[in-house]
Amino acid sequence: MKSLKEFKAEQMKDPAFAAAYAEVEPETNIIRAIVDTRIAHHLTQRELAEKTGIAQTEISRIENGSRNPSLKILQRLADGMDMVLKISFEPKKKAQV
């Protein structure tokens, strides 16, 4: 059985898949950062909701990708996890041949 990493590497050889992946990667990175930080702080969605005043259902929607958070919401989430929100622009990675 292939690992997820192996499967992704194989799929990335398909230009259409690679383009679609690149399109959603920024959103996926934000979601991953929120979930990973919340878990690292041993917080449930409900506990984070209580700390931020953001409804637990809204946090769930953000984490499952059905809702795109505004910068204001991202800042409230960061504050609730005692973190600093940092947004940066970085050079695009060149495709590996």
Q: Atom CZ of R32 and atom CD of E25: how far apart are they, to the nearest 0.5 Å?
A: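 If I round to the nearest 0.5 Å, the distance is 8.0 Å.
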Q: Flag the pair M83 / H41 as yes when at least one side-chain heavy-atom distance between them is below 4.5 Å, and no otherwise.
A: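 M83 vs H41: side chains touch.
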Q: Restricting to non-hydrogen atoms, name the atom on R38 and the atom on L48 that form the minimum distance, rounded to 0.1 Å.
A: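 Taking R38 first and L48 second, the nearest heavy atoms are CD-CD2, 3.9 Å.
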Q: Count the heavy atoms belonging to other residues, nucleotides or ligands that lie under 6.0 Å from CG of D82, then report whether that count exceeds 12.
A: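 Open.
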Q: Do K8 and Y21 come within less than 4.5 Å of each other through their side chains, counting heavy atoms only?
A: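 Touching, per the 4.5 Å side-chain cut-off.
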Q: To the closest 0.5 Å, what do you measure between CD1 (I31) and CZ (R67)?
A: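 One finds 12.0 Å between CD1 of I31 and CZ of R67.
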Q: Is the count of non-hydrogen atoms from other residues, nucleotides or ligands lying under 6.0 Å from F17 atom CZ greater than 12?
A: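 Atom CZ in F17 is packed in, count exceeds 12.
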Q: Using the rule that two of Ile, Leu, Val, Met, Phe, Trp, Tyr join whenever any of their side-chain heavy atoms come within less than 4.5 Å, decide whether L71 and I54 are in one cluster.
A: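 Yes.
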Q: If we only count heavy atoms from C-beta on, is the I30 to L74 side-chain gap below 4.5 Å?
A: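 The answer is yes, as the side chains (C-beta and beyond) meet within the 4.5 Å cut-off.
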Q: How long is the span from the CZ atom in R46 to the OG atom in S60, to the nearest 0.5 Å?
A: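 Going from CZ on R46 over to OG on S60, the span is 11.5 Å.
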Q: Closest approach of A49 and Q56, non-hydrogen atoms and distance?
A: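 Here A49 and Q56 meet closest at CB-N, 3.6 Å.
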Q: Is the shortest side-chain heavy-atom distance between I59 and T52 below 4.5 Å?
A: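 A side-chain contact exists here, since the closest heavy-atom pair is under 4.5 Å.
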Q: From E27 CD over to I62 CD1, what is the distance, rounded to the nearest 0.5 angstrom?
A: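 Between atom CD of E27 and atom CD1 of I62 there are 12.5 Å.
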Q: So for atom CD, which belongs to E6, do other residues, nucleotides or ligands contribute more than 12 heavy atoms lying within a distance under 6.0 Å?
A: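 Yes.
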Q: Measure the CZ-CG distance between R76 and L85 for me, rounded to the nearest 0.5 Å.
A: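 Interatomic distance, R76 CZ to L85 CG, rounded to 0.5 Å: 13.5 Å.
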Q: Quick one: NZ on K72 to CD on Q75, what's the gap to the nearest 0.5 Å?
A: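 Here the rounded value is 11.0 Å.
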Q: Taking all non-hydrogen atoms of both residues into account, name the closest pair between K51 and G80 and its distance.
A: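 So the two residues come closest at CD-O, 3.3 Å.
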